[in-house]
Each structure stands twice: as C-alpha cells, then as structure tokens.
Undergrad: 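Questions regarding the structure given below will be posed in turn.
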There are 2 protein chains.
Amino acid sequence: MSLTRVHNLSISLDGFATGEPQSLEAPFGHAGERLHGWMFGTRFWDAGGSAGVDDAFAQRHSQGIGAEIMGSHKFGPPGWHDDPEWRGWWGPNPPFHTPTYVLTHRPRPPLEMAGGTTFHFLDATPAEALAVAREAAGGQDVRIGGGATIVRDFVAAGLVDLMHLVQVPIVLGRGVRIWDGLEALEDGYDIEAVSAPSGVTHLTFTRRATA
Amino acid sequence: MSLTRVHNLSISLDGFATGEPQSLEAPFGHAGERLHGWMFGTRFWDAGGSAGVDDAFAQRHSQGIGAEIMGSHKFGPPGWHDDPEWRGWWGPNPPFHTPTYVLTHRPRPPLEMAGGTTFHFLDATPAEALAVAREAAGGQDVRIGGGATIVRDFVAAGLVDLMHLVQVPIVLGRGVRIWDGLEALEDGYDIEAVSAPSGVTHLTFTRRATA
C-alpha cells in the first residue's frame with residue numbers, strides 16, 4: 001500500500017515551522033538555520049556526521065518515496081511566480097529525485113532537472129494533488145514536503161499516514177504554526193516522542209487503523 | 001540562594017496549559033484530566049505508582065519550597081471572588097503546606113488552613129509578590145504554581161530560575177498558551193528535553209548564569 005508521509009519537519013517549542021518574513025536571503029525568516037541544525041550533524045546531511053537517532057529519523061526522508069508534493073512557499077521566495085527563470089532553491093540537481101508537485105494557483109510548464117527531479121505545477125486540492133502524485137509514484141509512497149501550511153492542510157484533510165516532526169528547543173514567537181486547526185489530532189494517531197542527545201525531540205504520528 | 005521555580009506545569013503539544021472554558025465542574029475546561037494523567041501514575045501522586053523519570057521530576061515540586069505564588073484562576077473557578085466561603089479547590093488540608101500567595105485584584109483576609117498552608121491574597125506585580133513570598137520562604141525557594149498566565153508573566157519579567165514543563169501528546173487547539181510573549185526564551189535558559197515511557201516529554205529550563 002502506498003502511504004502519504006511527512007518527514008523531518010522541524011518546529012520550534014511553540015510550533016512554528018518557519019519564522020518570518022520569508023525572503024530570498026532568509027528562506028526561514030528570523031528562524032534562520034536554527035530549526036535545522038540538528039540535521040546538519042547527521043550522516044544524512046554530511047558523510048562525517050553522526051549515525052545516531054537523529055540520523056535514523058532523517059534517513060527515512062528518502063526511503064521508498066516515489067513522488068513529493070510541496071507548497072508554493074517551499075519552492076521559492078515571495079515573488080517567484082513573477083520570475084520565469086526561477087527553478088527552485090536547490091540548483092541544477094535538487095534533492096528530490098522523483099516527480100515533485102508544486103501546489104500553486106499560477107501553474108507553469110514542467111521543469112525537468114538533473115538527477116530525476118521534475119517539477120510539476122498544480123492548481124489542485126490536497127486530495128486531487130495526492131491522486132496525481134500517487135499515480136506518478138508507481139506504487140511507492142508520497143512525501144508531503146512542506147511547508148507547514150501544506151502539511152497542515154493535508155493532515156486536516158485526513159490524507160497523512162505518517163508524520164515526523166522534530167521539535168527544536170527554541171521559542172520563535174511568530175511564523176507559520178503547524179498546530180493551528182488540528183485540535184484532537186491524537187484521536188486519529190498514535191503519537192510517540194523521543195528526545196535525542198542533540199537536544200531535539202522527535203515526534204512521530206502514526207495513523208491508527210480504523211475499526 | 002533562594003530560587004524561583006516552576007514545577008509540573010503540563011502543556012499540550014500546541015502549548016496550552018489549560019483548556020476552556022474553566023468552571024467549577026471542569027477546572028481545566030475541555031482538557032479535562034488529560035494533561036495530568038502522567039502524574040497520576042507516579043509515586044508522587046499514589047504510593048503504588050511508578051518511581052521512574054516522571055516521578056523523579058514530579059517529586060521536586062515540594063522539595064525545598066518555602067512559599068508558593070499562584071494566579072487567581074488556579075485558586076478558584078470564575079466567580080470565586082463573589083463567594084466569601086470559597087477556600088480553594090483542595091479541601092481543608094491543601095497540598096502546599098507553606099504560605100501561599102494568591103494574586104488577585106480583589107484581596108481578602110488570609111485563610112489559615114490545616115497542614116501549614118495559609119492563603120494570602122495580594123494585589124501586586126510579579127516582582128512585588130516575589131519579594132513578599134521570598135521573605136516568607138525563610139531562605140527556601142519560591143514556587144510559581146501557575147496557571148499559565150502567571151508563569152508566563154513571571155518568566156517574561158525575568159524572575160524564574162528553573163522551569164519544568166511536561167509536554168503531553170495531545171493537541172488542545174484552544175486555552176491558555178504558555179509560549180505567548182516568550183520569543184527567544186532560549187537566550188536566557190539552558191533547555192533540556194527528556195521523553196518518558198509514559199509518552200510525555202519533560203522540558204527543563206535552567207537560567208543561564210549571566211556573565
């Protein structure tokens with residue numbers, strides 16, 4: 001069965017997955033790189049990194065994934081829609097290596113990149129986008145790549161089977177909060193928390209089988 | 001040195017330390033007892049309980065404390081000010097066993113209870129209340145007993161040396177949030193996270209020595 005998964009979405013103690021304002025120079029606003037420092041120390045990111053619990057979680061990002069869906073704010077800074085040359089933040093060989101669907105109200109033609117990533121631009125509901133991505137994934141899983149708004153929308157629509165959040169010990173105070181609109185999330189998921197020596201806490205949400 | 005400490009303040013994943021609405025029948029609103037289930041399983045609460053990590057944290061609530069400061073919402077449900085007979089939620093022998101200061105804009109005469117608890121009612125700023133409680137504590141520490149609003153006020157005023165929060169894996173969606181107004185809290189505190197087999201995560205904030 002093909003699952004819908006979220007991985008490595010870092011949040012602050014107060015639940016913000018990004019700071020503000022987002023710009024070309026500061027993709028995560030005032031959060032800077034502080035939400036992702038835990039990942040830079042893993043082998044997933046750097047061959048000289050640690051193979052501990054942070055790495056074990058981080059590695060799952062890519063395992064068994066056949067397609068990604070991301071939000072418009074993940075693909076580029078405010079204004080990217082007006083730049084016909086914008087090809088994402090990631091250079092010629094983006095780290096997705098699968099068909100990757102960017103949700104936007106202003107679609108453009110697909111962009112074929114090196115390394116197996118093709119960006120497709122879709123104006124669609126979460127359920128519609130998931131149907132398209134699922135088909136493209138060829139039996140593998142679909143990753144919801146973020147940002148927080150898109151993840152929240154897919155969770156609220158009941159479409160996510162597994163969600164991995166990484167809680168970082170900082171208080172951002174403002175930004176986009178993952179929890180808004182998700183009251184009683186625990187009714188549908190088994191939730192596990194594991195704190196790591198790096199200081200972060202991994203939270204996993206596994207959809208409970210329905211009776 | 002006498003410290004100012006917060007213990008066993010339970011919050012949801014989205015940071016709410018109580019649900020809503022608060023009433024005589026539901027002191028924690030729609031949160032019910034779900035924020036405190038972890039504590040009911042400890043020896044701190046019940047002699048037949050567990051002596052694991054949850055208990056180790058919970059026990060510190062009472063150790064070395066010479067006075068407590070609490071908010072008006074912790075002392076009683078909405079309307080308690082209009083009931084001259086209201087003596088708190090806890091019966092004749094409240095679990096504080098020290099002078100206990102209730103912050104309120106409508107003070108009343110002190111209430112001497114069994115077991116060493118005397119409730120004093122103070123209309124004062126956090127710093128003023130702390131000075132009074134510190135004096136009464138006779139060299140021991142002062143506990144800021146909650147609710148969330150009072151804890152937040154004391155933290156924001158720079159008065160708290162040690163704060164212990166217990167993050168429970170539920171999403172409440174509404175209530176009183178501990179994090180509001182505490183942006184960049186990590187600048188002043190060393191923060192440690194420890195997840196427990198019960199499913200909660202203990203967060204400790206230890207004030208960093210200033211240079």
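Model, not experiment: these values are computed from the prediction. Residue numbers begin at 1 in each chain, while the letters A, B, ... track the order of the sequences.
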Undergrad: Quick one: which residues of residues 14-35 of chain A reach chain B at under 4.5 angstrom, heavy atoms only?
TA: A:Asp14, A:His30, A:Arg34
Undergrad: More than 12 heavy atoms of other residues, nucleotides or ligands under 6.0 Å from CH2 of A:Trp86: yes or no?
TA: yes
Undergrad: Please output the residues of residues 182-199 of chain A in contact with chain B, using a heavy-atom cutoff of under 4.5 Å, in numerical order.
TA: A:Leu182, A:Glu183, A:Ala184, A:Leu185, A:Glu186, A:Ile191, A:Ala193, A:Val194, A:Ser195, A:Gly199
Undergrad: When only heavy atoms count and the cut-off is under 4.5 Å, which of residues 151-178 of chain A reach chain B?
TA: A:Gln167, A:Pro169, A:Ile170, A:Val171, A:Leu172, A:Gly173, A:Arg174, A:Arg177
Undergrad: Who are the ring pair (Phe, Tyr, Trp, His ring centres under 6.0 Å) partners of A:Trp38, not counting sequence neighbours?
TA: A:His202
Undergrad: If you count heavy atoms of other groups shown closer than 6.0 angstrom to NE2 of A:His120, is the number above 12?
TA: yes
Undergrad: Just give me the residue among B:Leu13, B:Asp180, B:Val200, B:Leu203 that pairs up with chain A most often, heavy atom to heavy atom, under 4.5 Å.
TA: B:Leu13
